[in-house]
Number of protein chains: 2
Amino acid sequence: MLTQKAKYGLKAILMLAQRNSSEFTLVAEIADRQRAPRKYLELILLELRKHGFLHSQRGKNGGFRLARPPEQITFGQVIRVLDGPLAPFPCASLTGYRKCVDCSDEQVCAVRKQMRRVRDAMAAILDTTTLADAATPALARDVAADPAPAPIPA
Amino acid sequence: MLTQKAKYGLKAILMLAQRNSSEFTLVAEIADRQRAPRKYLELILLELRKHGFLHSQRGKNGGFRLARPPEQITFGQVIRVLDGPLAPFPCASLTGYRKCVDCSDEQVCAVRKQMRRVRDAMAAILDTTTLADAATPALARDVAADPAPAPIPA
DNA sequence: ATTGTCCCTACCGACTTACTAGGCAATACA
DNA sequence: TGTATTGCCTAGTAAGTCGGTAGGGACAAT
């Protein structure tokens, strides 16, 4: 299970992906639309910025926008920043590997072996699905900014 | 990420799956071999028993054994009992569904949509992999009871 | 100078995790 | 019958995490 933080973060960054990439969007507006606590969301966006996903500007007409094109940001990257490794156990993780203290020989541990399969299956989805993939307006109205301007007529 | 509890539980039940199914194994022995705190493991095994995975007997020569053949117990079943739903978010879960309070229309939420894919991928592995699948001694020496009798010579 | 915005640090209550403690209850065996 | 052995049950608990809140400082536009 992921945390609420990751959920807010994913929804927020996906909303930015659907906006015009050159414009800044206010935290308050994102919070409002995604029904997230403003101050809490602020912390999350700051974290995403610190890791290079977002660009921000202060003062009037400030806000946040993507720092890279949405084709270059995956769900997996965002989740790892906000919630840590994908794998069910640290011993089955590639990016956040930590040895099992209660395992005499990891190489043959059957539990780890299965969890590695699970990790791979998760990564196969999350590391290949980009914001652009998920942000096609027709499929993502809930996260979208505008009240659905019917993008592809009949 | 799953918890330590699920890890202990999986290793323990898998160890039992590799034993002769008619014999009882002591909590103390399982704890010892899996390097788990005895009293804590006891709670976990009790929980697995309460959910019908294990059978137990008290007094001398007592202990735990599987309540069903290992072909009929999946990783997914065990994990759900010890750690709850598999899905990244409750709104993407089948067995533990709970509505998203911060979502105006779940049906079109792009985040949920991707998380549903992840859930399905996880379930495809965890709900089809049984203890019997994982417990072939040659592949699971770490979790096995005996000190590895070299199963397939050269 | 003022207003609007992000930025930073600190704090907090509730809950969960990963245990530990202690004793009761049943079973086997002498 | 007694006693040792084992699981069964309830409680407690220290440390950490989650999901926020609070308050102000830095900076940009006007």
Side-chain angles (χ1 to χ4, degrees), chain A residues 1-13 16 23-32 34-67 79 81-85 88-90 100-102, chain B residues 1-13 16 23-32 34-67 79 81-85 88-90 100-102:
Chain A
M1 283 273 193
L2 300 178
T3 65
Q4 190 70 22
K5 186 174 167 186
K7 188 153 85 174
Y8 288 150
L10 284 172
K11 286 187 158 198
I13 202 170
L16 292 177
E23 286 169 12
F24 289 99
T25 303
L26 298 180
V27 173
E29 189 188 343
I30 305 175
D32 205 47
Q34 304 305 333
R35 300 190 196 172
R38 202 193 114 242
K39 287 298 256 176
Y40 190 40
L41 184 63
E42 206 177 300
L43 298 182
I44 297 169
L45 295 180
L46 255 344
E47 214 167 326
L48 290 175
R49 169 184 164 279
K50 203 174 57 183
H51 282 85
F53 296 110
L54 300 181
H55 185 243
S56 64
Q57 187 171 306
R58 290 198 270 196
K60 197 148 193 175
N61 302 327
F64 287 86
R65 60 167 156 85
L66 294 190
I79 290 174
V81 161
L82 297 178
D83 264 25
F89 298 129
C100 246
V101 287
D102 46 272
Chain B
M1 284 274 193
L2 299 178
T3 64
Q4 190 69 20
K5 185 173 165 186
K7 188 152 86 174
Y8 287 149
L10 284 172
K11 286 186 157 199
I13 202 170
L16 292 177
E23 285 169 14
F24 289 100
T25 303
L26 297 181
V27 173
E29 190 189 342
I30 304 175
D32 205 48
Q34 305 303 333
R35 298 190 197 172
R38 201 192 115 241
K39 285 300 255 178
Y40 189 40
L41 184 63
E42 205 176 301
L43 298 182
I44 297 170
L45 295 180
L46 254 345
E47 214 167 325
L48 290 175
R49 169 185 165 278
K50 204 174 56 183
H51 282 85
F53 296 111
L54 300 181
H55 185 243
S56 65
Q57 188 171 308
R58 293 198 266 197
K60 195 147 197 176
N61 302 325
F64 287 85
R65 60 169 156 86
L66 294 188
I79 290 173
V81 161
L82 298 178
D83 264 24
F89 297 130
C100 247
V101 287
D102 45 272

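Note: hydrogens, waters and symmetry copies are ignored here, and every other heavy atom, side chains too, is used. Computed from a predicted structure; not experimentally measured.
- Minimum atom distance to the side chain of B:Thr3 is reached by C:dA18, of the listed C:dT20, C:dA18, D:dC8.
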Run the side-chain contact (heavy atoms from CB on, under 4.5 Å) test on A:Glu47 and A:Leu82 for me, step by step, so that the C-alpha distance in whole Å, both residues' side-chain angles and the decisive distance to 0.1 Å come before the verdict.
CA-CA 8 Å; A:Glu47 214 167 326; A:Leu82 297 178; 4.3 Å; yes

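- Remark on the helix from C:dA1-D:dT30 to C:dA30-D:dT1: inter-end axis angle 10°, axes from five-pair C1' superpositions, rounded to 10°.
- The side chain of A:Leu26 lies closest to C:dT5, out of C:dA18, C:dT5, D:dG7.
- Summarising the geometry, atom CG belonging to B:Leu41 is positioned 12.0 Å from atom NZ belonging to B:Lys5; distances are rounded to the nearest 0.5 Å.
- When rounded to the nearest whole Å, the span between NE2 of A:His55 and C1' of C:dT5 equals 14 Å.
- The base of C:dG22 sits with one of its N or O atoms less than 3.5 Å from a complementary donor or acceptor on the side chain of B:Lys39.
- Between B:Phe89 and A:Leu2, the closest side-chain pair of non-hydrogen atoms falls below 4.5 Å.
- Note: A:Gln34 CD to A:Leu10 CG = 10.5 Å, rounded to the nearest 0.5 Å.
- Remark: C1' of D:dT5 and CZ of B:Phe24 are 15 Å apart, rounded to the nearest angstrom.
- If you take CZ on B:Arg49 and CD on B:Glu42, they are separated by 11.5 Å, rounding to the nearest 0.5 Å.
- Here the straight-line distance linking atom CD1 of A:Ile44 with atom NZ of A:Lys11 works out to 12.0 Å at 0.5 Å rounding.
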Residue pair B:Leu54, B:Leu45: steps toward the side-chain contact (heavy atoms from CB on, under 4.5 Å) verdict
CA-CA 8 Å; B:Leu54 300 181; B:Leu45 295 180; 3.8 Å; yes

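- Set against D:dC27, D:dG7, D:dG19, the side chain of B:Phe64 has D:dG7 as its closest nucleotide.
- Atom CZ of B:Phe64 sits about 9.0 Å away from atom CG of B:Leu16, to the nearest 0.5 Å.
- At C:dG4, none of the side-chain N or O atoms of A:Gln57 fall inside 4.0 Å of OP1 or OP2 (strictly under the cut-off).
- Between A:Arg38 atom CZ and D:dG23 atom C1' there is a gap of 12 Å when expressed in whole angstrom units.
- Contact between the side-chain N/O atoms of B:Asn61 and the OP1/OP2 oxygens of C:dC29 is found at a separation under 4.0 Å.
- Rounded to whole Å, the distance from OH on A:Tyr40 to C1' on C:dG13 is 14 Å.
- Rounded to whole Å, the distance from NZ on B:Lys50 to C1' on D:dG7 is 15 Å.
- Put simply, CG on A:Leu2 is 11 Å from P on D:dC18, counting in whole angstrom units.
- Residues from residues 41-49 of chain A lying near DNA chain D, meaning a heavy-atom separation below 4.0 Å, are A:Leu43 in numerical order.
- Taking only side-chain atoms of B:Gln4, from C-beta outward, the nucleotide of C:dC7, C:dC19, C:dG22 with the closest atom is C:dC19.
- Residue A:Glu29 contributes atom CD, which lies 11 Å from atom P of C:dC6 at whole-angstrom precision.
- Below 30°, between 30° and 60°, or above 60°: for A:Tyr40 and A:Tyr8 the angle between ring planes is above 60°, a perpendicular geometry.
- Side chain of A:Asp102 to backbone of B:Ala36: no donor-acceptor contact under 3.5 angstrom is found.
- Distance NZ (A:Lys60) to C1' (C:dG4): 7 Å, rounded to an integer number of Å.
- The nucleotide whose nearest atom lies closest to any side-chain atom of B:Tyr8 is, among C:dC19, D:dG7, D:dT5, C:dC19.
- Listed candidates were D:dG25, D:dG20, C:dA18. Nearest to the side chain of B:Lys5 is C:dA18.
- OP1 or OP2 of C:dC7 has at least one side-chain nitrogen or oxygen of A:Ser56 nearer than 4.0 Å.
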